[in-house]
J.: 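Following this message is one structure expressed as structure tokens.
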Amino acid sequence: MATTTIQIPRETRDHLAELARERGLTIGQLVEALAEQEPTAEQRAQRLAAAREHVRQVIGLDISDAEFDQAPDILANIYKIAAKKARSAAA
């Protein structure tokens with residue numbers, strides 16, 4: 001794997017070094033782990049699209065992206081719908 005050098009203030013480097021040391025990592029490994037925890041805008045959009053498609057398949061409802069966007073509490077509503085479907089299936 002190719003590596004590169006980044007320029008940061010000395011205080012930041014020292015802080016990263018301490019964090020890495022506490023975790024038993026190198027600074028490079030720490031930065032890599034931190035970067036993996038923060039998805040890009042494109043990755044977030046892909047995850048959102050996948051999550052919406054999963055909801056459509058699992059719940060069996062054709063919810064449009066516009067409906068997802070307009071419903072501020074869509075997750076709570078999905079839970080209600082799922083609970084209602086589960087109760088109906090059990091009866």
Side-chain angles (χ1 to χ4, degrees):
M1 168 177 41
T3 61
T4 189
T5 301
I6 58 172
Q7 293 185 351
I8 56 174
R10 181 167 294 164
E11 295 79 19
T12 302
R13 185 215 48 208
D14 293 345
H15 183 76
L16 289 171
E18 181 63 25
L19 291 172
R21 205 172 11 260
E22 289 174 357
R23 292 165 174 79
L25 303 171
T26 65
I27 292 177
Q29 290 169 326
L30 176 67
V31 170
E32 187 176 355
L34 293 172
E36 288 173 359
Q37 291 176 11
E38 292 296 324
T40 64
E42 182 179 339
Q43 289 169 325
R44 288 190 304 274
Q46 289 171 349
R47 289 177 186 174
L48 177 61
R52 287 178 174 184
E53 186 56 33
H54 180 76
V55 166
R56 290 178 182 114
Q57 290 176 4
V58 170
I59 302 300
L61 296 175
D62 186 21
I63 302 171
S64 71
D65 283 342
E67 289 171 315
F68 272 108
D69 292 339
Q70 292 173 359
D73 201 21
I74 191 72
L75 185 57
N77 290 331
I78 288 169
Y79 286 143
K80 288 177 191 174
I81 293 166
K84 189 182 293 185
K85 285 185 172 249
R87 284 192 298 270
S88 296

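Given the structure is predicted, the values throughout are model-derived calculations rather than measurements.
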J.: How many angstroms lie between atom CZ of Arg21 and atom CG of Leu16, to the nearest 0.5 angstrom?
T.: 11.0 Å
J.: For Arg44 and Pro39, which heavy atoms make the closest approach, and how far apart are they?
T.: NH1-O, 2.7 Å
J.: Could you state the interatomic distance from CG (Asp69) to CD1 (Ile63), rounded to the nearest 0.5 Å?
T.: 12.0 Å
J.: Find the distance between NE2 (His15) and CD1 (Ile8) and round it off to the nearest 0.5 Å.
T.: 10.5 Å
J.: Crowded around Glu22 CD? As in, over 12 foreign heavy atoms under 6.0 Å?
T.: yes
J.: Tell me if the CD atom of Glu38 is crowded by more than 12 foreign heavy atoms within 6.0 Å.
T.: no
J.: From Glu32 CD over to Thr26 OG1, what is the distance, rounded to the nearest 0.5 angstrom?
T.: 8.5 Å
J.: How long is the span from the NZ atom in Lys85 to the CG atom in Leu61, to the nearest 0.5 Å?
T.: 5.0 Å
J.: Is there a continuous path of hydrophobic side-chain contacts, each under 4.5 Å between heavy atoms, that joins Ile59 to Phe68?
T.: yes
J.: Could you state whether Leu19 and Ile27 fall into the same hydrophobic cluster, counting links through intermediate Ile, Leu, Val, Met, Phe, Trp or Tyr residues with side-chain heavy atoms under 4.5 angstrom apart?
T.: yes
J.: Calculate, to the nearest 0.5 Å, the distance between atoms CZ and CZ belonging to Arg56 and Arg52 respectively.
T.: 7.0 Å
